[in-house]
Structures are given as structure tokens and as C-alpha cells.
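Heads up: the structure comes next, in C-alpha cells.
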There are 2 protein chains.
Amino acid sequence: MTPESAPPRTTVGRPGATSHAEIEQAAFDLFTDRGFDQTTMGDIADAVGVGRRTLFRYFPSKNDIPWGQFDRTLEAFRLILDQAPRDIALHEAVHRSVVTFNAFPDDARPPHRDRMRLILSTPSLQAHSVLRYADWRRVIVEFVARRTGQDPTDALPRTVGHVSLALALSAYESWLEQQSSSITTLLDEAMAELRWYLK
Amino acid sequence: MTPESAPPRTTVGRPGATSHAEIEQAAFDLFTDRGFDQTTMGDIADAVGVGRRTLFRYFPSKNDIPWGQFDRTLEAFRLILDQAPRDIALHEAVHRSVVTFNAFPDDARPPHRDRMRLILSTPSLQAHSVLRYADWRRVIVEFVARRTGQDPTDALPRTVGHVSLALALSAYESWLEQQSSSITTLLDEAMAELRWYLK
DNA sequence: ACATTAATGGCACTCAGCGCCACAATGCAA
DNA sequence: TTGCATTGTGGCGCTGAGTGCCATTAATGT
């Protein structure tokens with residue numbers, strides 16, 4: 001779908017004028033400088049040195065830029081879940097996988113925390129992110145369905161998907177406020193809070 | 001904020017040309033007829049017999065129309081929570097309140113199920129709804145903070161808010177698929193599923 | 001050279017949303 | 001009755017996202 005989603009098997013034809021990473025970086029600089037809403041696609045195109053029309057071939061919308069190539073990381077998430085040991089409880093398998101998935105490399109560009117801060121503090125991005133979250137949930141839903149022998153449309157997998165996202169979002173919001181704790185710790189704490197809440 | 005958010009204390013000045021309810025109804029007819037994305041604000045304005053510009057004085061955006069006057073129902077939600085007995089567990093108080101809040105009157109126009117189906121099956125509305133969900137969560141967060149003597153920015157209230165929304169969304173999705181069960185039953189089941197999941 | 005392939009980017013269009021402002025329709029006061 | 005303050009209407013024109021169309025460009029392969 002996106003130009004780079006599959007590794008370029010041929011080098012035939014005109015080469016791309018830019019890359020997802022380059023656009024992401026240039027856009028992020030503008031976003032942090034003058035704000036997301038105050039940055040137009042034209043601004044970004046100028047910064048990259050490319051036509052506005054071309055930008056839309058790399059990212060389907062302006063809202064998609066801060067998420068980068070999230071669909072690719074989801075495949076990693078799928079693998080992490082599948083590698084979870086069979087002898088631990090379902091909630092344990094999911095929880096550990098979520099923790100592993102969110103243990104981002106420190107050298108991520110743009111930095112993971114800055115990216116999440118932008119997403120979670122910009123209303124239009126908060127809204128758009130639901131569509132990304134849905135993809136993320138689907139990975140969990142399918143995993144739970146497989147492990148429990150249920151259908152992905154059944155109630156249990158769906159509920160687990162929603163609740164897992166809820167815990168992750170709660171942890172991320174805490175993470176952005178208090179820079180002291182790690183996201184791993186905060187995910188653990190969110191789970192503990194849920195258990196306390198349910199008595 | 002919205003023209004009718006406060007009961008019109010004075011009858012001075014030019015009377016309104018339409019109402020939230022009328023716009024909602026006309027828009028909903030068009031949405032079901034040709035689809036949400038295929039309906040422009042101009043179409044709705046024509047159907048109501050009013051200027052396009054006027055529509056934006058009743059609803060801040062096209063995405064807000066299907067939600068109607070949700071902010072008003074949130075005040076009812078707040079009251080429901082406050083009336084919860086002091087001697088039951090926190091999670092019980094929240095759960096019962098959510099059930100009560102979602103026991104919509106049968107004669108709601110447009111019908112509650114149709115409205116939710118539109119919202120939950122239209123991507124742009126799904127996205128926009130996050131902002132509404134945030135308001136809904138805030139009501140729960142503030143309640144939990146009050147009952148536990150914590151701050152609304154603390155982790156526990158926030159986690160409860162997110163998880164409560166997760167359960168509600170899961171129940172609603174089931175509700176739209178299988179028309180047999182009541183939303184009350186499905187909310188109960190979602191809670192039961194969560195308990196089963198956590199072992 | 002020349003065909004093929006694949007990406008670029010300009011142009012023109014639709015539509016949401018907003019600022020501005022002249023104007024219309026009401027109540028009230030003189 | 002006349003004027004005035006008040007409040008909503010709606011037209012105009014703009015910005016900016018997103019899209020379809022398509023000529024152009026830059027590479028490879030024969």
C-alpha cells in the first residue's frame with residue numbers, strides 16, 4: 001500500500017524523492033516548533049523539498065505522519081504474542097507482551113516519548129489515533145481468540161482487547177506526566193490498580 | 001456555549017430559525033439514506049431550510065451532529081454517580097451507574113441503537129468520538145477521585161476511567177451485533193469477562 | 001536509441017470550518 | 001408609534017486537507 005511497505009524488490013523506474021523517515025523528521029521539527037495545527041502540508045512539503053502532492057503518497061493524511069510506520073511495528077507485536085509461553089495465564093501472556101512491545105529502543109527517531117506526547121496532547125491526533133488503536137487491539141483480539149479457541153468476534157477477546165488498550169493508555173498518560181518512571185513500571189502499576197479496583 | 005445549552009432566559013432578539021433536534025433529525029435521515037461521508041453540510045442545510053453557516057452555530061462540526069447534546073446527558077451521569085450508595089464497593093457503584101446511564105428511554109429520537117450504530121461504524125465518527133469519550137471518562141475519574149480521596153490526575157482514577165470506557169465500548173459493540181441482548185446484560189457480561197480474564 | 005516502469009508534482013476540484021459583517025426579527029422603553 | 005438594544009441569520013470569501021487526473025521525469029532493460 002505505502003511505497004515502502006514492501007521491500008523494493010525492483011529498482012526499476014524513477015527513484016523516490018524522499019522517504020518516510022525524512023518526512024517524519026522534517027514534519028516533527030515543524031510540529032514541535034510551531035505546533036501541529038499551525039503546520040500545513042505545504043509547509044512540510046517545502047521543508048522536505050518535495051511537492052505537496054507527493055507527501056500524500058507517503059502518508060495518507062497529515063494525522064498519520066506522527067504515527068510513522070506503525071503498521072510495521074504491529075507485526076512485531078504479533079510475533080511477541082506468539083512467542084509467549086503456553087504455561088502462563090492468558091492475562092500474564094498479554095501483559096508481558098504489551099510490556100515487551102512498548103520497550104522501545106532508546107535511539108528511536110523521533111524519540112518515543114516526544115512522539116507520544118505530541119499524539120496524546122493534540123486533540124486532532126488523539127481522535128485519529130483511535131483507528132491505530134483499533135489495529136493494535138485487533139492483534140490482541142486475534143491472539144486471545146486463538147488461545148481460548150473462540151472467534152475474534154466473540155465478546156471475551158473483544159473485551160480483553162479494549163481493556164488492554166485502556167491499561168496501556170492509562171500508563172502512557174502517567175508516563176508523560178512523571179518522567180521518573182519507566183513505561184514498564186507504569187504498565188505494571190496500571191494492572192495492579194485494576195486488580196485493586198475490582199477488589 | 002451552544003445556543004440552547006442554557007434554557008433561553010430571555011426571549012429578546014431574533015428567534016432561532018431551527019433547533020438542535022430538527023437538525024439532528026434531518027441530518028440523520030440523510031446519513032442513513034446516502035451515508036455520513038456522502039452527506040455535506042450544504043445538503044443538511046438545504047434539508048433543514050437554513051443557511052450552511054447557521055448549522056455551525058448549532059453544532060461545532062459535522063462530526064458532532066450524531067452525538068446530539070451529549071454534554072447535557074453527562075450532567076445526568078454525574079448525578080447518577082453521586083446518588084450511588086456509600087456502602088457498596090467502588091467498582092459496584094461505578095458499574096451500576098454506567099448501567100443506569102445507558103438505560104436510555106425507548107422513545108429517544110433518533111433511536112439510540114441507530115445512533116450508536118452510525119457512530120461506531122463510521123471511521124471519521126469513531127475517531128471524533130474520542131473527544132466525547134474523554135468527557136465521559138472525566139465524569140468517572142472525578143467520581144473515583146472523590147470517593148478515594150485522591151486527585152483526578154492520579155493513576156488509579158484514570159485507570160478506572162479508561163477501563164470503564166473499555167467495558168462500555170465492548171458491550172456496545174456486542175449490542176450492535178446481536179440485537180437480542182439488552183445493553184444492561186451486555187455490560188454485566190463484559191464485567192464478568194474481565195473478571196474471568198484476570199483469573 | 002528506445003521501450004518500460006515507477007515515481008514526481010502541478011492543476012483543479014470538493015468540502016469542512018472560520019472570520020467578518022450586513023441584515024432581520026424580536027422585546028422594551030420612551 | 002418610533003426608536004433602540006439584543007440576538008440570531010446567512011452570505012461572502014478565505015484557508016487547508018484530501019483527491020483525481022495526467023503530463024513529466026528518471027531510472028532500468030533490451
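Numbered from 1 within each chain, the chains take letters A, B, ... in sequence-line order. Side chains included, hydrogens not; waters and symmetry mates left out as well; all remaining heavy atoms used.
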Ignoring hydrogens and angles, answer whether the base of C/dG9 and the side-chain atoms of A/R14 contain a donor-acceptor pair closer than 3.5 Å.
->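 Flag unset: no donor-acceptor pair detected.
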Tell whether A/R52 reaches the base of D/dG16 with its side chain through a donor-acceptor pair below 3.5 angstrom.
->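 Not at all, since no donor on one side and acceptor on the other fall under 3.5 Å apart.
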Kindly determine whether A/H95 and A/D188 satisfy side-chain hydrogen bond (donor to acceptor under 3.5 Å, both in side chains), including the steps that lead there.
-> CA-CA 8 Å; A/H95 182 70; A/D188 287 344; 2.7 Å; yes
Taking OP1 and OP2 of [N], is either one under 4.0 Å from a side-chain nitrogen or oxygen of [X]?
| X | N | answer |
| --- | --- | --- |
| B/T40 | C/dC15 | no |
| A/T11 | D/dT28 | no |
| B/Y58 | D/dT9 | yes |

Short side-chain donor-acceptor distance under 3.5 Å, A/S61 and A/D64 =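 Yes, side-chain donor-acceptor contact under 3.5 Å.
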Modelled atom types, side-chain donor and acceptor of A/R158 and B/S174, under 3.5 Å = yes
Touch check for A/G13, heavy atoms < 4.0 angstrom, all strands: base, sugar-phosphate only, or nothing?
-> base
Which part of the nucleic acid, if any, lies within reach of B/S124 when heavy atoms closer than 4.0 Å are counted: base, sugar-phosphate only, or nothing?
-> nothing
Rounded distance in Å - [atom1] ([X]) to [atom2] ([N]):
| X | N | atom1 | atom2 | answer |
| --- | --- | --- | --- | --- |
| A/K62 | D/dT19 | NZ | P | 15 Å |
| B/D37 | D/dG18 | CG | P | 13 Å |
| B/F56 | D/dG10 | CZ | C1' | 13 Å |
| A/I65 | D/dA17 | CD1 | C1' | 11 Å |
| A/M41 | C/dG10 | CE | P | 15 Å |
| A/L55 | D/dA17 | CG | C1' | 12 Å |
| B/D64 | C/dC18 | CG | P | 10 Å |
| A/H128 | D/dA17 | NE2 | P | 14 Å |

For B/V50 and for A/R53, locate the closest nucleotide of DNA chain D by heavy-atom distance; then report the residue assigned to the nucleotide nearer the 5' terminus.
->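 Result of the comparison: B/V50.
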Evaluate the ring-ring contact (aromatic ring centres under 6.0 Å, His included) criterion for residues B/W136 and B/Y133: first the C-alpha distance (whole Å), next the side-chain angles of each, then the deciding distance (0.1 Å), finally the verdict.
-> CA-CA 5 Å; B/W136 186 88; B/Y133 296 155; 7.8 Å; no
Given C/dC20, D/dT28, D/dA17, which nucleotide is nearest the side-chain atoms of A/V12?
-> D/dT28
Note: B/D43-B/R34 ion pair, threshold 4.0 Å (strictly below) |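 Judged by the 4.0 Å cut-off on N to carboxylate O distance, B/D43 and B/R34 do form a salt bridge.
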